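Inspection log for the structure reproduced underneath, given as structure tokens.
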Protein chains: 2
Amino acid sequence: MSTANTGVRAVLPSPVPSDEYEQCPVTDVARRLGDKWTLLVLVLLGQRPYRFNELHRTIDGLSQRMLTRTLRTLETDGLVDREVFPTLPPTVEYRLTPLGTTLLGPISALADWAVAHHADLTAARERAAGDRRPQTDSDPTATAAREVRRTP
Amino acid sequence: MSTANTGVRAVLPSPVPSDEYEQCPVTDVARRLGDKWTLLVLVLLGQRPYRFNELHRTIDGLSQRMLTRTLRTLETDGLVDREVFPTLPPTVEYRLTPLGTTLLGPISALADWAVAHHADLTAARERAAGDRRPQTDSDPTATAAREVRRTP
DNA sequence: CTGTATCCTGAATGATACTG
DNA sequence: CAGTATCATTCAGGATACAG
């Protein structure tokens with residue numbers, strides 16, 4: 001794996017993007033995927049089209065308000081298409097656009113990593129939590145500075 | 001590219017994880033990367049170790065408080081190592097752990113996608129913004145329902 | 001069924017000042 | 001240099017009611 005960090009380097013001008021950090025495409029995308037429901041919705045729509053209430057029922061805990069918001073944003077970003085059928089009552093179907101489909105690749109890479117290393121994360125967190133009350137008080141006499149370099 | 005969505009499927013039991021959505025490793029990871037500074041810090045540390053103020057200076061707009069918070073979280077997750085040198089004044093160096101380094105791969109995948117398709121996103125957003133005031137009023141006589149299927 | 005309109009709370013982030 | 005402590009602000013997100 002690995003040395004495909006071409007993209008990463010590409011978006012890192014030495015003085016990182018000014019306060020207009022949203023200019024950074026990577027952060028921009030990450031922030032969207034990082035909200036509470038977008039990833040879940042994208043993955044579901046990656047399998048087949050869904051209707052509004054179908055998504056609502058499938059994703060436990062997701063409110064109507066947030067589902068609408070999430071879908072609208074995805075639509076605005078051109079990742080999802082919304083099709084309305086003139087039935088009574090109305091039927092609306094959502095599906096990934098071609099652009100949206102191309103996002104499944106990177107998402108899968110992230111998903112694979114998450115699944116593979118979630119145990120590590122959990123372990124690290126528990127270790128960190130435990131380290132806040134250890135008996136491991138090292139010998140204070142050994143605390144003497146081993147190196148004292150001046151910081152320029 | 002593409003059909004590597006093994007991971008995605010793996011974490012999608014049909015009735016999506018109950019309100020304890022944090023159980024989902026993928027969403028968990030995405031939420032961290034989706035905060036305002038984590039991704040930026042990870043990418044910088046992916047190039048070489050950095051000292052605290054070095055990061056602070058390099059990432060424009062990042063406050064001391066948020067840098068500390070971000071680094072602590074990364075440390076807690078086992079993605080970043082913190083090394084203190086007993087100098088005067090103190091010197092602290094941050095570097096990726098081996099686990100943290102493995103995250104660079106997925107991040108690169110996302111970064112590559114973001115760079116490649118940022119223009120599409122921007123275009124879609126502008127189109128969506130413009131579509132809110134168009135003169136494209138289609139012929140009302142053509143508005144008749146073409147299909148009226150009953151929703152089950 | 002597919003939304004919109006309000007209201008409300010907690011978390012994320014920022015600004016500022018202070019410390020070892 | 002490398003933080004911590006406080007306070008203020010903003011915003012994502014949830015609850016609820018209502019509408020076409």
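Just so it is clear, the structure is predicted and the values come from calculations on it, not from any experiment. As a basis for the values below, the full set of heavy atoms in this structure was taken, side chains included, without hydrogen atoms, waters or symmetry mates.
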With a 4.0 Å cut-off, would you call E93(A) and R48(A) a salt bridge?
no
Of the listed dG3(D), dG13(D), dG14(C), the closest approach to the F52(B) side chain comes from dG3(D)
May I have all residue pairs that pass ring pair (Phe, Tyr, Trp, His ring centres under 6.0 Å) and include part of residues 88-113 of chain A, sequence neighbours excluded?
W113(A)-H117(A)
With sequence neighbours left out, which residue pairs that include part of residues 42-67 of chain B fulfil the ring pair (Phe, Tyr, Trp, His ring centres under 6.0 Å) condition?
none
From the list dG3(D), dC1(D), dT13(C), which nucleotide is the closest neighbour of the side chain of W37(B)?
dT13(C)
Just compare dA2(D), dT4(D), dT2(C) and give me whichever is closest to any side-chain atom of R51(B).
dA2(D)
Where the side chain of K36(A) is defined as all heavy atoms beyond and including C-beta, which of dG14(D), dC1(C), dG3(C) is the nearest nucleotide?
dG14(D)
In terms of side-chain heavy atoms of P90(B), which of dC1(D), dT13(C), dC1(C) is nearest?
dC1(D)
Classify every nucleotide of nucleotides 5-11 of chain D by which part a protein heavy atom approaches to under 4.0 Å, writing B for the base, S for the sugar-phosphate alone and - for neither, in 5'-to-3' order.
-B-----
My understanding is that only residues two or more places apart in sequence, or in another chain, count here; which of them pass side chain to side chain donor-acceptor pair (under 3.5 Å) with R125(A)?
D28(B), D77(B)
Closest heavy-atom pair and its distance - T76(A), A128(B)
CG2-CB, 3.9 Å
Mind grabbing the angle between the end helix axes of the helix from dC1(C)-dG20(D) to dG20(C)-dC1(D)? Five pairs an end, 10° rounding.
50°
Can you list the residues that meet the side-chain contact (heavy atoms from CB on, under 4.5 Å) rule with D35(A), with sequence neighbours excluded?
T38(A)
The nucleotide from dG3(D), dG14(C), dT2(C) with an atom nearest the side chain of Q64(B) is dG3(D)
Starting at the 5' end of DNA chain D and moving along, which residue's nearest nucleotide shows up first, G34(A) or T68(B)?
T68(B)
Out of dG3(D), dA17(D), dT13(C), minimum distance to the side chain of V92(B) belongs to dG3(D)
